[in-house]
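Written below as structure tokens is the structure these notes are about.
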There are 2 protein chains.
Amino acid sequence: MTARASIRQQVQRVREEAIVGAVNRLLSLKGYDAMTVDEVAAEAGMAKASLYKLFPSKEDLAAAAMVAALDRALAFVDGLNEQASRAPVATLAIAQLKAVVRWAMQTQLEGEMPSLPSQNSSLSASLQLNDQYMDRLVALSTKLGTWVADAQARGQLNSAFPAELVLYTLFARACDPVVTMLKSSGQYTHEQKLDWVTASTFEGLAAR
Amino acid sequence: MTARASIRQQVQRVREEAIVGAVNRLLSLKGYDAMTVDEVAAEAGMAKASLYKLFPSKEDLAAAAMVAALDRALAFVDGLNEQASRAPVATLAIAQLKAVVRWAMQTQLEGEMPSLPSQNSSLSASLQLNDQYMDRLVALSTKLGTWVADAQARGQLNSAFPAELVLYTLFARACDPVVTMLKSSGQYTHEQKLDWVTASTFEGLAAR
DNA sequence: GTCTATATCAAGATAGAC
DNA sequence: GTCTATCTTGATATAGAC
């Protein structure tokens with residue numbers, strides 16, 4: 001009896017993951033407004049009505065995809081922390097921040113970073129009321145904030161900037177449209193693009 | 001007879017400017033998708049049908065606002081060039097680039113910089129077919145490109161970056177969402193925000 | 001030339017059969 | 001629990017009166 005229920009739950013979980021994966025790709029490819037629920041259903045391989053049983057609205061779909069993306073980011077950050085705790089020499093906080101930005105940009109290049117209208121949409125309002133989303137956003141901001149404070153204290157990051165500005169900039173660069181623009185003019189290697197955009201974020205455009 | 005016609009043309013021109021101004025503000029405030037033609041008509045003080053006589057589609061409205069914005073940018077750039085030709089010492093190319101980015105960010109802060117979904121929308125496709133828009137975009141890119149090449153040749157800009165990347169970054173920073181994020185957390189002065197975001201663009205986040 | 005009223009359509013959401 | 005078929009809404013676009 002419980003086994004039957006468990007199997008059914010697993011099936012549902014697989015279906016949910018298929019939906020969230022489809023939303024993730026479509027959000028990355030076309031953005032929230034251009035994405036239609038019909039497309040999501042088609043890509044996930046089920047009828048729209050079945051999808052609406054699991055996610056009661058389009059906003060819930062987007063929220064689920066964002067939560068999953070934040071979970072991946074948190075997992076990456078935790079992985080860096082583990083590496084650092086095992087490393088013989090303490091890893092530089094700024095190196096960890098660079099690694100996170102680079103990972104985010106790479107994810108974006110691979111079409112797996114959902115990007116939302118960062119401001120002014122009705123979607124942002126509903127996301128801010130979503131506890132699952134907000135919890136993860138706060139958790140990620142806190143972890144990155146620790147590294148920022150550390151890097152500023154050690155003189156690795158410019159201390160003239162408020163930590164808030166640095167955090168906002170890191171989040172913004174994680175979805176930097178420059179990455180996509182470079183994608184279309186495809187005369188450079190993947191690695192070059194990541195190197196350049198990461199460098200321009202931390203070292204600036206001006207010569208040093 | 002011609003006077004009558006001229007007056008009528010002037011009236012139309014005023015109405016057109018009211019419309020483009022309204023579109024400009026709404027695009028800056030809410031973005032293209034959230035902006036409705038009803039709002040534009042209301043803000044411009046006329047009925048929707050009258051508006052559609054002048055601009056046959058919503059995309060035409062957005063294009064007109066973008067053309068006007070690019071004209072303002074070109075005028076600003078030309079102003080800098082005139083100043084430089086009158087100055088006793090030649091102005092540094094990098095200083096001019098900084099001035100342009102700062103001007104764009106300030107315009108954005110004031111709610112007068114129309115921002116469009118930079119990618120993947122059906123709008124971008126139609127804009128790329130719009131000659132008025134493309135001419136101005138090419139003109140602006142060419143002028144900025146001259147400064148970029150000059151600044152790289154003089155060792156003011158990092159020559160490791162392809163000029164293309166620098167240009168993309170300048171355009172992207174002109175609509176940097178960080179500016180808006182800082183706007184909401186309003187504990188800083190206008191000037192501070194502009195200084196910081198300009199500095200992070202050219203000098204980077206890392207300490208020098 | 002401008003406005004009121006309406007057509008048209010796309011997309012989010014749901015009812016009901018199986 | 002899933003799918004087909006349908007409802008509903010909101011927004012673009014237009015017809016026709018004045």
Side-chain angles (χ1 to χ4, degrees), chain A residues 1 3-20 22-23 26-27 29-65 116-117 120-127 130, chain B residues 1 3-20 22-23 26-27 29-65 116-117 120-123 125-127:
Chain A
M1 212 57 156
R4 284 276 289 274
S6 168
I7 286 175
R8 206 177 291 172
Q9 282 177 358
Q10 283 187 4
V11 168
Q12 268 221 356
R13 189 179 177 85
V14 168
R15 287 171 72 88
E16 281 184 24
E17 281 165 5
I19 295 170
V20 173
V23 172
L26 287 169
L27 280 185
L29 188 67
K30 331 175 57 167
Y32 181 75
D33 291 303
M35 174 186 87
T36 71
V37 179
D38 293 79
E39 286 172 323
V40 176
E43 184 130 348
M46 71 190 66
K48 191 161 53 163
S50 315
L51 188 156
Y52 267 100
K53 300 277 181 182
L54 293 168
F55 298 90
S57 77
K58 185 182 177 183
E59 286 182 351
D60 290 310
L61 286 173
L116 303 179
N120 301 324
S121 76
S122 71
L123 179 59
S124 353
S126 89
L127 273 181
N130 184 316
Chain B
M1 214 57 155
R4 285 277 289 275
S6 169
I7 285 175
R8 207 177 291 171
Q9 282 178 359
Q10 283 188 5
V11 168
Q12 268 220 357
R13 189 178 178 85
V14 168
R15 287 172 71 87
E16 282 184 24
E17 281 166 5
I19 295 169
V20 172
V23 173
L26 287 169
L27 281 184
L29 188 66
K30 331 176 55 169
Y32 181 75
D33 291 303
M35 175 186 87
T36 72
V37 179
D38 292 80
E39 287 172 322
V40 177
E43 185 130 347
M46 72 190 66
K48 192 163 49 166
S50 316
L51 188 156
Y52 267 101
K53 299 278 180 181
L54 294 168
F55 298 91
S57 77
K58 184 182 177 182
E59 286 183 350
D60 290 310
L61 286 173
L116 303 179
N120 301 325
S121 77
S122 72
L123 179 60
S126 89
L127 273 181

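No experiment lies behind these values; they were computed from the predicted model shown. Note on naming: letters A, B, ... go to the chains in the order of the sequence lines (proteins, then strands), and numbering restarts at 1 for each one.
Between the two ends of the helix from dG1(C)-dC18(D) to dC18(C)-dG1(D), each summarised by a five-pair axis, the helix axis turns through 20° (rounded to 10 degrees).
Heavy-atom minimum distance, Ala65(B) versus Val23(B): CB-CG1, 3.6 Å. Ala41(B) and Ala47(B) make their closest contact through CB-C, 4.1 Å (heavy atoms, listed as atom of the first residue, atom of the second, distance). Closest approach of Asp60(A) to Phe55(A), counting heavy atoms only: O-CD2, 4.1 Å. Nearest heavy-atom pair, Arg15(B) versus Ser50(B), reported as atom, atom and distance to 0.1 Å: NH2-CB, 4.0 Å.
Distance, Glu59(B) CD to dA11(D) C1': 14 Å, rounded to whole Å. When the P atom of dT2(C) is taken as reference, atom CD of Glu16(B) falls 11 Å away, rounded to whole Å. One atom, CG of Asp33(B), and another, P of dA11(D), lie 12 Å apart when rounded to the nearest Å. Asp60(B) has its CG atom 12 Å from the C1' atom of dA13(D), to the nearest Å. Taking atom OH on Tyr32(A) and atom C1' on dG12(C), their separation rounds to 9 Å, with Å as the unit. Rounding to whole angstrom units, CD1 of residue Ile19(B) and P of dG1(C) are separated by 15 Å. Here dT2(C) presents its P atom at 13 Å from CZ of Phe55(B), a figure rounded to the nearest Å. The CG-C1' distance, from Leu61(B) to dT12(D), rounds to 11 Å in whole Å.
Screening Leu51(B), Leu54(B), Val20(B) for a side chain to side chain contact (heavy atoms under 4.5 Å, CB included) involving Leu61(B) leaves a single residue, Leu51(B).
For the atom pair CD (Glu43(B)) and CE (Met35(B)), the distance works out to 10.5 Å, reported to the nearest 0.5 Å. Note: Ser122(B) OG to Tyr32(B) OH = 6.0 Å, rounded to the nearest 0.5 Å. Taken to the nearest 0.5 Å, the OG atom of Ser121(A) stands 8.0 Å off from the CD atom of Glu59(A).
Here the side chain of Lys30(A) pairs no donor or acceptor atom with the backbone of Thr36(A) at under 3.5 angstrom.
Tyr52(B) has a side-chain polar atom (N or O) that falls below the 4.0 Å cut-off from OP1 or OP2 of dA13(D).
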#### Entry: B/S/- contact track for nucleotides 3-11 of chain C, protein heavy atom under 4.0 Å
BB------S

